[in-house]
There are 2 protein chains.
Amino acid sequence: MAEREQVLDWVERMAMFCAEEYGVPPIAGRILGWLMICDPPEQSAGQIAAAIGASKASLATNMRVLTDAKFVRRRTRPGERTNYYRVDDDAWETVIRRRVASLTEFRDLAADGIDLAGTGSGRAERLRVAHDVYDWMAKLFTETPRPRTRKQP
Amino acid sequence: MAEREQVLDWVERMAMFCAEEYGVPPIAGRILGWLMICDPPEQSAGQIAAAIGASKASLATNMRVLTDAKFVRRRTRPGERTNYYRVDDDAWETVIRRRVASLTEFRDLAADGIDLAGTGSGRAERLRVAHDVYDWMAKLFTETPRPRTRKQP
DNA sequence: CAGGAAGTTCAGTATGTTCTGAACTAGCTA
DNA sequence: TAGCTAGTTCAGAACATACTGAACTTCCTG
């Protein structure tokens with residue numbers, strides 16, 4: 001298989017993963033996938049559209065979603081009207097932050113349920129198991145220091 | 001607010017959380033929410049349908065989704081045709097297992113991208129950051145022992 | 001200034017999802 | 001056996017989502 005074709009195939013796999021696991025629209029997934037692996041790492045909407053085979057309109061809509069979500073960063077160059085996009089340097093930190101927020105939201109919801117059921121009741125005990133699992137997961141992320149990524153030897 | 005109304009409100013919040021975060025259909029979310037907090041903890045489809053205000057058909061469809069996903073367990077009683085449902089005892093373990101599977105899938109996808117880009121290249125370096133973050137998250141779950149949930153003092 | 005490309009917005013189309021009533025099957029009970 | 005209830009399946013309605021062409025605005029370039 002040609003290099004380009006292999007890359008597009010990978011982009012598609014990544015896009016579908018993002019669509020299924022995180023519920024992003026297919027085109028947003030393709031943009032993300034493309035920006036993860038493309039060269040140069042910073043490209044214009046036109047270049048991206050050509051690469052993934054989507055319309056200008058779809059690019060505008062989906063780029064906005066991705067930049068609002070802080071996964072993609074827009075950069076302008078002086079004296080140029082074209083915007084260039086790349087994966088935000090903090091994108092992966094953002095992924096972790098979002099994950100923690102989701103876990104704590106569930107945990108707090110479970111806590112509300114425990115209050116509602118009456119602490120100590122059987123119903124509350126059942127909810128406490130869920131609460132504790134989510135609490136454990138959330139704390140795992142917030143309390144474990146992440147080793148700094150370093151250059152491959 | 002009446003007790004019952006408060007509970008239904010909580011169920012609705014839980015249902016919407018599941019729908020938004022995990023992409024389950026609203027009714028499946030309501031079933032889950034109801035089964036988490038209802039008394040008795042094991043109820044028939046008819047009881048659940050009445051509680052959350054859904055049709056028999058929707059219950060059949062969504063119960064199947066939830067039992068297939070191992071979040072809900074079906075139990076039959078001898079000499080009775082009615083099926084009873086409750087939150088699976090292992091539901092939260094299942095949540096964790098699914099999460100790990102998702103993390104490793106992304107990590108492996110990133111690894112494929114690194115191979116494709118050529119290890120050591122700039123493109124590969126960019127992907128390695130993503131790879132390492134997901135690897136870290138996956139290992140967090142698999143390598144951290146979870147404290148046994150115990151009765152509240 | 002005129003021409004053209006980048007970017008946005010919107011209306012319309014296509015597609016997919018979710019829910020229900022109704023028709024059906026099957027088991028319990030009288 | 002007849003009647004009632006639990007459960008399943010399916011077709012269709014209602015709704016939501018994703019995508020694009022086209023019209024428009026804006027800004028660079030000649």
Side-chain angles (χ1 to χ4, degrees), chain A residues 8 11-12 14-35 40 42-69 71-86, chain B residues 8 11-12 14-35 40 42-69 71-86:
Chain A
L8 285 177
V11 169
E12 194 62 22
M14 178 56 81
M16 286 309 99
F17 179 87
C18 294
E20 281 159 31
E21 293 291 316
Y22 305 123
V24 299
I27 293 192
R30 291 190 189 106
I31 294 171
L32 269 179
W34 178 253
L35 287 178
E42 192 172 69
Q43 304 203 353
S44 71
Q47 289 175 296
I48 300 167
I52 66 174
S55 74
K56 219 169 44 140
S58 290
L59 261 283
T61 309
N62 285 280
M63 281 320 310
R64 169 157 287 276
V65 170
L66 293 173
T67 49
D68 284 358
F71 291 140
V72 170
R73 209 167 164 68
R74 185 211 316 259
R75 199 170 73 85
T76 55
R77 297 175 186 170
E80 246 192 286
R81 199 149 60 84
T82 311
N83 292 320
Y84 291 87
Y85 301 93
R86 60 183 164 80
Chain B
L8 284 177
V11 169
E12 194 60 24
M14 179 57 80
M16 286 309 100
F17 179 87
C18 294
E20 282 160 30
E21 292 292 315
Y22 305 122
V24 300
I27 292 191
R30 293 192 188 104
I31 294 171
L32 269 179
W34 178 253
L35 286 179
E42 192 172 67
Q43 304 203 354
S44 71
Q47 290 176 294
I48 299 167
I52 66 174
S55 74
K56 219 170 45 144
S58 290
L59 262 283
T61 310
N62 286 281
M63 280 325 306
R64 169 157 285 278
V65 170
L66 293 173
T67 48
D68 283 358
F71 291 140
V72 169
R73 207 166 166 70
R74 185 210 316 259
R75 200 169 73 85
T76 55
R77 297 175 186 170
E80 245 191 291
R81 199 152 56 85
T82 310
N83 292 320
Y84 291 86
Y85 301 94
R86 62 184 163 80

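Below, chain A is the first sequence line, B the second, and so on; all start at residue 1.
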Atom-pair distance (CD on Glu80(A); P on dG4(C)), nearest Å = 20 Å
Just call it for Thr82(A): base, sugar-phosphate, or nothing, with non-hydrogen atoms closer than 4.0 Å on any strand.
-> sugar-phosphate
Of the listed dT8(D), dT9(C), dC19(C), the closest approach to the Ala60(A) side chain comes from dT9(C)
Option passing side-chain contact (heavy atoms from CB on, under 4.5 Å) with Asn62(B) (candidates Ile27(B), Val24(B), Thr67(B), Ile52(B)) | Ile27(B)
Which heavy atom in Ala54(A) sits nearest to a heavy atom in Leu59(A), and how many Å separate them?
-> CB-CD2, 3.8 Å
Roughly, in whole Å, what's the span from NZ in Lys56(A) to P in dC24(D)?
-> 14 Å
In whole angstrom, what separates Ile27(A)'s CD1 from dT20(D)'s P?
-> 4 Å
Would you please confirm or rule out a distance under 4.0 Å between OP1 or OP2 of dT20(D) and any side-chain N or O of Ser55(A)?
-> yes
Atom-pair distance (CD on Glu20(B); P on dA16(D)), nearest Å = 14 Å
Minimum side-chain heavy-atom gap Met63(A)-Val72(A) below 4.5 Å | yes
Atom-pair distance (CE on Met16(B); C1' on dA16(D)), nearest Å | 14 Å
Separation of atom CZ in Arg64(A) from atom C1' in dC19(D), rounded to whole Å = 18 Å
Whole angstrom is fine here: how far is it from CD in Gln47(B) over to P in dG7(D)?
-> 10 Å
Mapping Ala54(A) and Arg81(A) to their closest nucleotides on DNA chain D, which lands nearer the 5' end?
-> Ala54(A)
Minimum-distance nucleotide to Asn62(B) side chain [options: dG21(C), dT20(D), dC19(C)] | dC19(C)
Could you say whether Arg30(A) or Leu59(B) is positioned toward the 5' end of DNA chain D, judged by the nucleotide with the nearest heavy atom to each?
-> Leu59(B)
Could you tell me whether Arg73(A) atom CZ has more than 12 heavy atoms of other residues or ligands within 6.0 Å of it?
-> no
Between CZ of Arg77(A) and P of dG7(C) the distance, given in whole Å, is 11 Å
Closest to the side chain of Pro25(A), out of dC10(C), dT20(C), dC19(D), is dC19(D)
Taking the side chain as every heavy atom from C-beta outward, state whether Arg30(A) and Met16(A) have any pair of such atoms under 4.5 Å apart.
-> yes
Short side-chain N/O contact to dG7(D) OP1/OP2 from Asn83(B), under 4.0 Å | yes
